[in-house]
Every structure is written in structure tokens, then in C-alpha cells.
Amino acid sequence: AVIPYVSFDVATDTDTIHFEGQNIQQNNQSYDLNYNHAYKMKVDASWDQTPHDYSNVGQTLYNQNAPGVLTLPSQIQSNLQPLLGTTQPATKIGNFNNQYSNFMTAAHNANLQTQDNKGAVNMDFRPSEHVKTSFGFSEDQVEGNKPMGASFGFSQAVQVPEPIDWRTYNLHAGSQYDTKDVQFGVNYRMSSFNNNIETLTWSNPARRTDSGAASAGGIAGPTQGQMSLAPDNWSHTITMNGGANLPANTRFTASGTMAY
């Protein structure tokens, strides 16, 4: 059963808990949990799902036999290649298009949707009056397919369902010391993007065999196209700040950041 919204709260003299959920059992559901202990410890946890529909009616002849490998049935390429050869007069183009349209009757849904699932936990602590620390971590997972234009080095192009399998991780940790006269803080942030599908290859419907006699339109040329997808990457940032009250109504402050 779908539950549009639910929430509850629990409170004692020192502790409070709040929970809420929205669109439960649907693909855009979300949950939030908050815990607070005497204002010395705070924990926030969340889980969110976000669908992205590019099309509900997109059709394709391509099949993904391995991650990032889109192939066509060999019969399609074998039947279409002789219709064009290495030239493209209007008659041959017409025959090619008619035959390709006939094959499209066997096309299947391209599943042009992605699902974004994100979970996060953030914590704050006050171990003493003058010290505050924080820590947080999140994971963002995106899976599915999105439409992509793909060519074979010439003007001929096809539209293929690009498979998506992304992971993004974010982490932060820091501590702050504050008194009336002295303040000092240090923070660290890390972000990581991982693409589990590094390359994409797709079959050329016009070529069953490679041909070096490349002509405009890509009718002669490779049996498949290939490209690199978004690469994995990392980033790290460290920030420090401080300040102190000095004699003679003077104050010293400093801050610095290192990122790579």
C-alpha cells in the first residue's frame, strides 16, 4: 500500500526523536530521522529517491549484452549492408530506410529512465562547552538509461540508450574550539565520483564488416562506434581558521585552504 505521509515524535527531558516519511512504497519516497540529546549530540539521517523519466515510449533495437556494450542482431547488419555498399544514391538510401523501418517492428522499450537514490547521515557533537565536532557522509546512486546521440565518425548518427551506473560519495569532518579570546577550527571534505561504466560501444546498423573506404555518411566505415564516458574523479579540501584577541585592542585572524 502507498502511504502519502507519516510522521511521529518522541520526547523526554533530554532526548527528542522526529521521523517522517513521504510517498512510501513509491519510486519517489523519502525518509528523515532526527535525534537530539540534550543539545550535545544531534544526528540527522535521510533517504531520498528521485526518478527521472526521459521518455515512456522510446523504442530501440539495441541490446546491452554487457555493461556499456550495445549490439544489434547480426541479421540486421547483414541485411542492411548490401543495400548501401560504399555509395549512397537516393534509391539505395530509400531501400535502406524502408528495410530499417521493417526491423523497427521488433523494437523494444528503451527504458529511458534513471533512478536517483541518495542516503545521508550527519552528526554534531558538543563534548564540552568550548568544543564542537561534526561528521557527515552521503552516497548518491544513479542507475538507468538516458538518450544519447552517437555517430561513427561521419555525419551518420543514431540515438542509443546510454546506460547509467554512477556513484557519488561525499564525506566531511571537522572540529571547532571557541572561547572568549581564542578560536580555532579545522575541516576536511572529500568528494568521489565513480562511473561503473567507463566506455560505451554501439553497433553500426549499416555495416556488418569493417570498411576502410570511409565515405561521408558513415556508410562505409567501422562496424561499431566507441567513446569514453565520464571518468572517475576525487577531490579533497582541508580548511583551517583561527583567531585570537591580543593586547592593545588588537585581534589576529587567519584562514587557509588546501584543495586537490
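Position 1 is the first residue of the sequence; numbering continues from there. Since the structure is predicted, the reported quantities are computational estimates derived from the model, not experimental observations.
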[X] and [Y]: side-chain donor and acceptor closer than 3.5 Å?
X	Y	answer
N65	T71	yes
N117	Q49	yes
Y31	Q29	yes
Q77	T223	no

Quick one: does [X]'s side chain get under 4.5 Å of [Y]'s, heavy atoms only?
X	Y	answer
N170	E139	no
V160	Y62	yes
T133	Q176	no
D124	F135	no
S192	N194	yes
L70	P161	yes
S191	W234	no

Are K40 and E129 ion-paired here, with the side-chain N under 4.0 Å from a carboxylate O?
no
With the threshold set at 4.0 Å, does a side-chain nitrogen-carboxylate oxygen contact exist between K180 and D178?
no
Checking the side chain of N204 only, and the main-chain atoms of W202 only, is there a donor and an acceptor separated by less than 3.5 Å?
no
State whether the side chain of Q99 and the backbone N or O of F103 hold a donor-acceptor pair below 3.5 Å, judged by distance alone.
no
Residue from D44, D32, D9, N34 passing side-chain hydrogen bond (donor to acceptor under 3.5 Å, both in side chains) with H18:
D9
CA sep, side-chain torsions, deciding dist, call: L200, I197, side-chain contact (heavy atoms from CB on, under 4.5 Å)
CA-CA 8 Å; L200 182 66; I197 302 177; 5.6 Å; no
Classify the ring geometry of H236 against Y260: parallel below 30°, tilted from 30° to 60°, perpendicular beyond 60°.
parallel
Taking everything shown except [X] itself, do over 12 heavy atoms lie less than 6.0 Å from its [atom1]?
X	atom1	result
Y5	OH	yes
R189	CZ	no
E198	CD	no

Just one of N28, T50, T168 clears the side-chain contact (heavy atoms from CB on, under 4.5 Å) bar with D116, so which one?
T50
What is the distance from atom CD of E162 to atom OH of Y54, rounded to the nearest 0.5 Å?
8.5 Å
Indicate, with yes or no, if the rings of Y177 and F184 have centres closer together than 6.0 Å.
no
Would T209 and Q81 satisfy side-chain contact (heavy atoms from CB on, under 4.5 Å), going step by step from the backbone distance to the final call?
CA-CA 8 Å; T209 58; Q81 179 174 311; 3.2 Å; yes
Start with the C-alpha gap between L112 and K146, add the side-chain angles, then the distance that decides, and say whether side-chain contact (heavy atoms from CB on, under 4.5 Å) holds.
CA-CA 5 Å; L112 297 176; K146 69 175 184 177; 5.8 Å; no
